[in-house]
Amino acid sequence: MHEDPHIQLMLRFQDGDEGAFRELFDEYKVQLLNFIYRYCQDKRVAEELTQEVFLRIYKTAATYRPEAKLSTWIYRIATNICLNEIRTGKYKYELEQKPVSRGDDQQLHEPADQKTIEKTDEKMQAAEQQQAVRAAIAALPDKQRLAIILCTYDQLSYSEIGQRLGCSEGAVKSIIFRAKMAIKDILKKQFSRIQ
Amino acid sequence: MMRQCKQYRKHLPAFLDGELTEALSRKVQGHMDGCDSCRLEAEQLRLAVDALLTWEPVTPSADYDRVFWQKIQRVRQQQRKEQRPLAWLRLLFNTRYGLAASAALALCMCVLTVLTLRTDSGQPQGPVAADMELLLNMEVIESSEALEHFELIQMLDVLQQEIEG
């Protein structure tokens, strides 16, 4: 008997319990969506790809063997989909280049007090920072991008990242070193331009 | 940058992620305590990671679940359609009735094959079959013998009548 509740759900689903699949879907949908969204940076594409991951889980559930954590298996599927489906051009995406404005709520012709201006400037700075972060991640090669997302947002250890990307812990250390150095350099340039 | 710094800098991201062994971690920390340049590099890396964390997560769209379960519904229908032609075969092989029917069919095939081989081989039939054939044809044989010697029997009948008369 497996202690991992997610593995138990998967085994129940293998036995024909559709409710167990529904529970798995609810458990993983948001984190998978964000993982894929940070990779492709297009919410519509990310939603389609996340659904594709769950459809694949649904269709290939019989092939799952409870040898590793269920999340490892699910993220392997998600990684393959990210790398293959996008590479083959089935899903086209472009980096969302949202223009940074002074906020929808502020009418430029209306007189604004000092506090409002400061608040708006903070908002703009935050938006520009987010834009810079997205551009820095988008500039990374595929594997570095996936590794940095798993490391930073999913807070996984190097060993777990290796399992999900299908490479050794040593390779992950090297990939993350290169990714973080690249991001640091890009952000340094971006922020010196912004400030 | 000193040569020593280069060696330590390759461990900086793993150091900040807490992924180094205790011994190596102590070495890196010891080096940074005495090296302003590496300390600044580590600080910039930490700031970069902090900046990454400002990227807000997204939430699924309002119709996300509905669209997904519609897709699942279509997959189920497709799976049912693919399974239908094979359903009777599965039933046949999965139930004891199916097994009994299969066994009976196999037995019939064996008997038929043996009989066909025996008929085709042209070998003499066994005693039981030969006797059966003789019995069925006895009447015909008897009548044909009677026909063959009909004239002789008639002459013998005439002679017997003359002697008696």
Check each atom of [X] against the heavy atoms of chain A and say whether the ones under 4.5 Å are side chain, backbone, both or neither.
X: Glu19(B); value: side chain
X: Val58(B); value: both
X: Glu56(B); value: both

Item to check | Heavy-atom pair count under 4.5 Å with chain A, highest-scoring of Arg76(B), Gln79(B), His11(B) | outcome: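 Of the options given, most contacts go to Arg76(B).
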Checklist entry - For the candidates Leu47(B), Val67(B), Leu16(B), Asp65(B), which exhibits the highest count of non-hydrogen atom pairs separated by less than 4.5 Å from chain A? => result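 The candidate making the most pairs under 4.5 Å is Asp65(B).
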Next on the checklist: Any heavy-atom pair between the side chains of Tyr58(A) and Phe25(A) that's under 4.5 Å?
Outcome noted: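 In short, these two side chains do not touch, never coming nearer than 4.5 Å.
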Checklist entry - Is NZ or CZ of Arg22(A) both nearer than 6.0 Å to the six-membered ring centre of Trp69(B) and within 45° of the ring axis? => result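 Because its charged atom sits under 6.0 Å from the ring centre and within 45° of the axis, Arg22(A) does stack over Trp69(B).
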Which bit of [X] is near chain B, if near means a heavy-atom gap under 4.5 Å: side chain, backbone, both or neither?
X: Ser174(A); result: neither
X: Arg178(A); result: neither
X: Ile186(A); result: neither
X: Gln31(A); result: neither

Item to check | Salt-bridge present (Arg26(B), Glu22(B); N to O < 4.0 Å) | outcome: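 Between Glu22(B) and Arg26(B) there is a salt bridge, with a charged N closer than 4.0 Å to a carboxylate O.
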Item to check | Proximity of Tyr28(A) and His6(A) rings by center, below 6.0 Å | outcome: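 Between His6(A) and Tyr28(A), which both carry aromatic rings, the centre distance is below 6.0 Å.
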Checklist entry - Heavy-atom count around Lys71(B) NZ within 6.0 Å, excluding the residue itself: above 12? => result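 Correct, the count exceeds 12.
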Checklist entry - With respect to chain B, which residue among Ile176(A), Ile148(A), Leu55(A), Leu187(A) yields the maximal number of heavy-atom pairs within a distance under 4.5 Å? => result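 The answer is Leu55(A).
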Next on the checklist: If we define contacts as heavy-atom pairs under 4.5 Å, which of Lys173(A), Met181(A), Arg38(A) has the most with chain B?
Outcome noted: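 Of the options given, most contacts go to Arg38(A).
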Item to check | Under 3.5 Å: donor-acceptor pair, side chain of Tyr153(A), backbone of Leu52(B) | outcome: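 Answer holds: yes.
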Next on the checklist: Working note: Cys40(A) + Cys82(A), criterion side-chain contact (heavy atoms from CB on, under 4.5 Å); need CA distance, chi angles, decisive distance, verdict.
Outcome noted: CA-CA 8 Å; Cys40(A) 71; Cys82(A) 280; over 6 Å; no
Checklist entry - Cys151(A) and Lys180(A): which non-hydrogen atoms are nearest, and at how many Å? => result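 Closest approach of Cys151(A) to Lys180(A), heavy atoms only: SG-NZ, 4.1 Å.
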